[in-house]
Amino acid sequence: MQKRTVFRLAAGTVAAGAATFAYASLVERNLFTLRRFDVPVLATDAEPLRILHLSDLHMTPDQRRKQRWVASLAATDPDLVVVTGDNLAHPGGVPGVLRALQPLLDVPGAFVFGSNDYKGPVWKNPLSYVLPEREYVQGVDLPTEDLREVLVGAGWADLNNARTTLKAGGRTVELVGVDDPHVERDDYGSVAGPTSEQADLSIALTHSPEPPLLDEMAADGFQLLLAGHTHGGQVCVPFYGALTTNCDLPLSMAKGLHRWPNSDAWLHVSAGVGTHPTAPIRFACRPEASLLTLIPR
């Protein structure tokens, strides 16, 4: 009798695990969700300004559902589009990224790259993401310059270790960005410095939200810090949250809008639209984009 009970418990556990994996891989990773946040960073008499924040598309050529959903976000009528990296996941991914972003390319935009815009993914043990130290391995070269050419050709600002100003929603927006700190491509020192008093708004971009970098950006006066990379944890524990951010960012900030400590800046971390191709699952962490409505302080 006892053996039968143990067998039933084991069978039930296996069945529950299989059902969870099926849901995470077949259902939730395709439940694309638009998050909306109000961010109080504008002057007291300013009109709202809408920013569409996209990250971590991890696009492969056949992901037409994802491409259609991202393209549909043009209906949110953003004043500015910001993309914080990891657009690619396949050497043939650029046409898919273009299909996704094409309806948004007429809107003012800015971007930085992540490591998976340079090198393709390789299989990794998912448990390695929660280990304190692990070897970082990357795959084949990806068509980074083809992607850059498409985005810059559309008039979007390349903020990989760069700084610029542009007009969006009738406002002067100062922007700074770095290439991916996760693979040590960042050089904030080359573009650092106090924000301009002539700008109506100052925004900083990075793929990986590394706290020392965010501290520097906030200290320079950037009011809004935008990042991706974390996938929100990708596989989360219900009512607890992320188990890893894949960087030094606290787990409590794995996704969403947060006040950055000891500063006047706000941090928004996108949980991203895609997944690593060798781990195409999400659990308790839907794929997402965010519409940030900037409002008066």
Side-chain angles (χ1 to χ4, degrees), residues 20-35 52-76 78 81-105 107 109 111-124 126 129 138-151 153-154 156 180 182 207 227-236 246 255 269-291:
T20 299
F21 180 81
Y23 167 78
S25 61
L26 300 176
V27 179
E28 185 165 324
R29 76 181 179 94
N30 293 309
L31 294 179
F32 304 113
T33 301
L34 179 65
R35 309 290 185 193
L52 179 64
H53 182 191
L54 296 167
S55 197
D56 297 88
L57 298 179
H58 289 285
M59 194 69 74
T60 60
D62 59 342
Q63 293 177 324
R64 294 304 181 102
R65 181 186 301 180
K66 183 195 297 183
Q67 294 160 20
R68 288 193 297 269
W69 184 77
V70 173
S72 75
L73 296 175
T76 63
V81 180
V82 170
V83 179
T84 50
D86 273 8
N87 300 279
L88 300 174
H90 187 281
V94 171
V97 174
L98 181 57
R99 280 191 291 270
L101 296 181
Q102 185 68 59
L104 295 163
L105 292 179
V107 179
F111 66 94
V112 293
F113 285 154
S115 62
N116 287 139
D117 291 309
Y118 295 99
K119 297 285 187 176
V122 296
W123 187 89
K124 300 173 185 176
Y129 284 96
Q138 290 184 293
V140 299
D141 290 342
L142 295 179
T144 312
E145 297 311 313
D146 291 348
L147 178 61
R148 192 193 312 271
E149 183 179 352
V150 167
L151 300 180
W156 282 16
D180 191 3
H182 190 61
H207 177 63
H229 177 70
T230 67
H231 294 195
Q234 189 164 320
V235 175
C236 297
N246 198 24
K255 64 180 178 180
V269 180
S270 171
V273 180
T275 63
H276 194 286
T278 65
I281 58 173
R282 278 185 180 259
F283 187 74
C285 185
R286 290 185 178 189
E288 67 176 45
S290 295
L291 187 67

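Residues: numbered from 1 along the sequence shown.
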CD-CG distance between Gln67 and Leu98, expressed to the nearest 0.5 angstrom: 9.5 Å
Minimal non-hydrogen separation, Val107 against Trp156, with atom names: O-NE1, 2.9 Å
Backbone N/O of Gly274 and side chain of Lys66: donor-acceptor pair under 3.5 Å: no
Close side-chain approach of Thr275 to Pro287, heavy-atom, < 4.5 Å: no
Note, Thr76 side chain near Leu291 side chain (heavy atom, < 4.5 Å): yes
Any donor-acceptor N/O pair, His53 side chain to Val83 backbone, under 3.5 Å: no
4.5 Å side-chain heavy-atom contact, Leu34 and Glu288: no
Between His229 and Asp86, a side-chain donor and acceptor under 3.5 Å: no
For Asp62, all residues meeting side chain to side chain contact (heavy atoms under 4.5 Å, CB included), sequence neighbours excluded: Thr60
Atom of Pro78, atom of Leu52 and distance for their closest heavy-atom approach: CB-CB, 3.9 Å
Gap between atom CG of Leu54 and atom CG of Leu73 - 0.5 Å precision: 6.0 Å
Passing candidate, side chain to side chain contact (heavy atoms under 4.5 Å, CB included) with Cys285, options Lys255, Gln234, Arg29: Lys255
Close side-chain approach of Thr33 to Arg35, heavy-atom, < 4.5 Å: yes
Donor-acceptor pair between Ser55 and Ser270 side chains, under 3.5 angstrom: no
Val70 side chain near Phe32 side chain, heavy-atom distance below 4.5 Å: no
Check: Asp180 side chain, Ser115 main-chain N or O, donor-acceptor pair, under 3.5 Å: yes
Heavy-atom pair of closest approach, residues Gly93 and Pro61: N-CG, 4.5 Å
Asp146 (side chain) donor-acceptor with Pro143 (main chain) under 3.5 angstrom: no
Under 3.5 Å: donor-acceptor pair, side chain of Trp69, backbone of Asn30: no
Ile281 vs Val235 side-chain heavy atoms within contact, under 4.5 Å: yes
Exercise: identify the closest heavy-atom pair between His231 and Arg282: O-NH1, 3.3 Å
Side-chain heavy atoms of Val81 within contact of Leu105, under 4.5 Å: no
Separation of Leu142 CG from Tyr118 OH (nearest 0.5 Å): 11.0 Å
Inter-residue atom distance Phe111.CZ - Leu147.CG, 0.5 Å rounding: 7.0 Å
Any donor-acceptor pair under 3.5 Å from His207 side chain to Thr84 backbone: yes
Point-to-point distance, once rounded to the nearest 0.5 Å, from CG of Asp141 to NZ of Lys119: 3.5 Å
Side-chain touch His90/Pro277, heavy atoms, less than 4.5 angstrom: no
Asp56, Asn116, Asp117 screened by side-chain hydrogen bond (donor to acceptor under 3.5 Å, both in side chains) with Asn87, the one that passes: Asp117
Criterion side-chain contact (heavy atoms from CB on, under 4.5 Å) on His58 and Gln63, from CA distance to verdict: CA-CA 10 Å; His58 289 285; Gln63 293 177 324; 5.8 Å; no
